[in-house]
Amino acid sequence: MSRVLPLRKKPLKDVPKSTHSRRGYGLADLEQWRARAQAVQYVHDIVKTRRLPENIPDSLVEMQNHFHTVKSMFWHIYVGDSCDWYSISHFLGHPSAQLCLRLTRDLDALKGAVRSGKLQLMNDVIDQFEHKFGDEMLDNFLHMTLRHEHPMREKGWAYILWSSSARDVLHIGATAGQIEDVIRRLNEETPGNHPYGILSAWLVGDPVVADEDINETLEECRVDDGFFRIAFPVARDRVGALLSARQNLALSPWHGCQGTNKKLSDESMKLTR
């Protein structure tokens with residue numbers, strides 16, 4: 001049986017110690033997506049058909065590897081310890097960290113039900129997985145990776161960006177566009193630096209107000225326009241609290257009514273990370 005690497009148990013608490021000279025932290029290496037798409041398709045088929053795979057004893061390792069791959073994607077969003085955590089989140093439709101944690105537990109339970117061949121237990125777990133929009137997230141992933149579609153658009157983002165060339169300085173702000181566009185601009189303006197990546201991101205309802213609030217709140221830490229010398233966990237906590245206090249956190253597509261009658265109300269789920 002192939003060895004499955006353990007997953008980090010706690011969310012990232014500081015900027016990464018590693019150097020990211022080729023691609024910004026949090027952004028995808030597209031070479032990994034084929035294996036991930038295969039794993040998502042495998043789990044997706046079980047969820048949609050509600051049928052046990054054939055010949056589980058002979059394909060046990062393959063089944064467990066597929067489930068581990070899908071679980072690890074949700075886990076990396078929760079922990080934020082993956083070099084491509086944001087791209088994974090983007091392809092899954094930006095589920096919150098806490099929702100991802102809950103889905104990893106469902107995936108473990110679903111793997112156990114499939115392995116044991118207990119059809120009723122499997123269907124009960126799938127009900128819980130679908131209640132948390134897990135099936136729609138897998139749909140979203142397949143739409144984006146296999147069909148090159150983008151099923152949903154976001155209103156705006158608040159973000160914390162970082163380059164391993166300047167470990168103690170963060171770029172913090174908000175945009176009505178995509179964060180990748182901000183990163184592209186920063187990389188063009190600082191060609192000698194390592195590329196910028198994403199440490200944290202929040203969906204927001206009004207990015208203009210969010211940007212003004214962030215700059216006002218972090219004024220004493222400013223070193224340049226949009227750049228602040230502040231510890232990452234402190235910045236993350238202050239920005240998250242600010243957006244929450246101003247009621248400027250937007251629900252991701254998987255929290256509340258988005259063309260479905262399913263509803264979740266946990267306020268902590270509003271943050272991407």
Side-chain angles (χ1 to χ4, degrees), residues 28 32-53 63 66-80 82 84-114 121-157 178-179 201-205 249-273:
Q32 299 183 37
W33 292 112
R34 178 174 295 182
R36 284 173 171 164
Q38 291 174 346
V40 169
Q41 186 72 68
Y42 182 92
V43 175
H44 176 272
D45 289 347
I46 292 174
V47 171
K48 290 298 185 182
T49 65
R50 292 179 176 252
R51 289 201 294 264
L52 289 163
M63 183 274 289
H66 283 325
F67 269 97
H68 176 77
T69 296
V70 176
K71 173 189 173 181
S72 69
M73 290 194 297
F74 286 101
W75 187 262
H76 287 317
I77 299 172
Y78 166 62
V79 178
S82 169
D84 55 1
W85 78 268
Y86 178 80
S87 294
I88 297 171
S89 175
H90 183 57
F91 278 46
L92 289 170
H94 302 294
S96 72
Q98 290 302 313
L99 182 55
C100 286
L101 177 61
R102 297 179 186 189
L103 287 166
T104 63
R105 295 166 181 164
D106 287 344
L107 287 165
D108 275 339
L110 183 56
K111 179 179 68 174
V114 171
L121 176 59
M122 184 187 80
N123 283 322
D124 290 343
V125 176
I126 290 174
D127 286 342
Q128 294 298 315
F129 189 72
E130 290 181 340
H131 179 71
K132 300 181 185 74
F133 304 92
D135 57 327
E136 296 183 40
M137 294 180 206
L138 300 185
D139 279 338
N140 196 83
F141 186 94
L142 294 174
H143 274 290
M144 295 190 71
T145 55
L146 301 181
R147 305 177 190 101
H148 306 290
E149 300 171 355
H150 192 172
M152 59 194 66
R153 298 291 174 181
E154 303 83 13
K155 289 184 179 180
W157 289 97
Q178 297 297 312
I179 302 178
W202 298 262
L203 286 164
V204 296
L249 286 167
L251 292 170
S252 82
W254 316 125
H255 305 100
C257 294
Q258 302 284 340
T260 175
N261 291 325
K262 292 179 280 187
K263 221 174 188 181
L264 296 172
S265 60
D266 186 346
E267 292 298 310
S268 68
M269 289 184 177
K270 291 180 179 179
L271 276 71
T272 300
R273 270 192 67 241

Inset, instruction - Would you check if Asn140 and Leu92 make a side-chain contact, meaning some heavy-atom pair closer than 4.5 Å? - result: no
Legend entry - Side chain proximity check, Trp33 to Ser87, heavy atoms < 4.5 angstrom: yes
Legend entry - Validation row: Val114, Met63 side chains within 4.5 angstrom (heavy atoms): yes
Legend entry - Any Val70 side-chain heavy atom under 4.5 Å of Trp75 side chain: no
Inset, instruction - Identify the two heavy atoms, one from Trp157 and one from Val204, that lie closest to each other, and give their separation to 0.1 Å. - result: N-CG2, 3.6 Å
Legend entry - Sub-4.5 Å side-chain heavy-atom contact between Phe129 and Val47: yes
Legend entry - Separation of Tyr86 OH from Phe91 CZ (nearest 0.5 Å): 11.0 Å
Legend entry - Partner residues of His44 under the ring pair (Phe, Tyr, Trp, His ring centres under 6.0 Å) criterion, sequence neighbours left out: none
Legend entry - Nearest heavy-atom neighbours spanning Leu103 and Gly134: CD2-CA, 4.0 Å
Inset, instruction - Evaluate the side-chain proximity of Ile46 to Arg51: yes if any heavy-atom separation is below 4.5 Å, no if none is. - result: no
Legend entry - By salt bridge (Lys or Arg N to Asp or Glu O under 4.0 Å) - contacts of Asp127 (at least two apart): Arg50
Legend entry - Parallel, tilted or perpendicular, as decided by the 30° and 60° cut-offs, for the rings of His94 and His90: tilted
Can you give the donor-acceptor pairs under 3.5 Å from side chains of residues 106-113 to other protein atoms, not counting sequence neighbours?
residue : atom : partner : partner atom : Å
Asp106  : OD2  : Lys132  : NZ           : 2.9
Asp108  : OD1  : Lys71   : NZ           : 3.3
Asp108  : OD2  : Lys71   : NZ           : 2.9

Inset, instruction - For residues Leu249 and Leu203, determine if any side-chain heavy atom of one lies less than 4.5 Å from a side-chain heavy atom of the other. - result: no
Legend entry - ring pair (Phe, Tyr, Trp, His ring centres under 6.0 Å) partners of Tyr42, counting only residues at least two apart: His66
Legend entry - Pairwise salt bridge (charged side-chain N to carboxylate O under 4.0 Å, His left out) hits with a residue in residues 37-48, at least two apart: Lys48-Asp135, Lys48-Asp139
Legend entry - Side-chain heavy atoms of Leu138 within contact of Gln41, under 4.5 Å: no
Legend entry - All ring pair (Phe, Tyr, Trp, His ring centres under 6.0 Å) counterparts of Phe74, not counting sequence neighbours: none
Inset, instruction - Kindly indicate, with the supporting measurements, whether the criterion side-chain contact (heavy atoms from CB on, under 4.5 Å) is fulfilled by Asp84 and His76. - result: CA-CA 8 Å; Asp84 55 1; His76 287 317; 5.5 Å; no
Legend entry - Short side-chain to backbone donor-acceptor contact, Ser89 and Trp85, under 3.5 Å: no
Inset, instruction - For the pair Val43 and Phe67, evaluate side-chain contact (heavy atoms from CB on, under 4.5 Å) and give the outcome as yes or no after the intermediate values. - result: CA-CA 7 Å; Val43 175; Phe67 269 97; 4.1 Å; yes
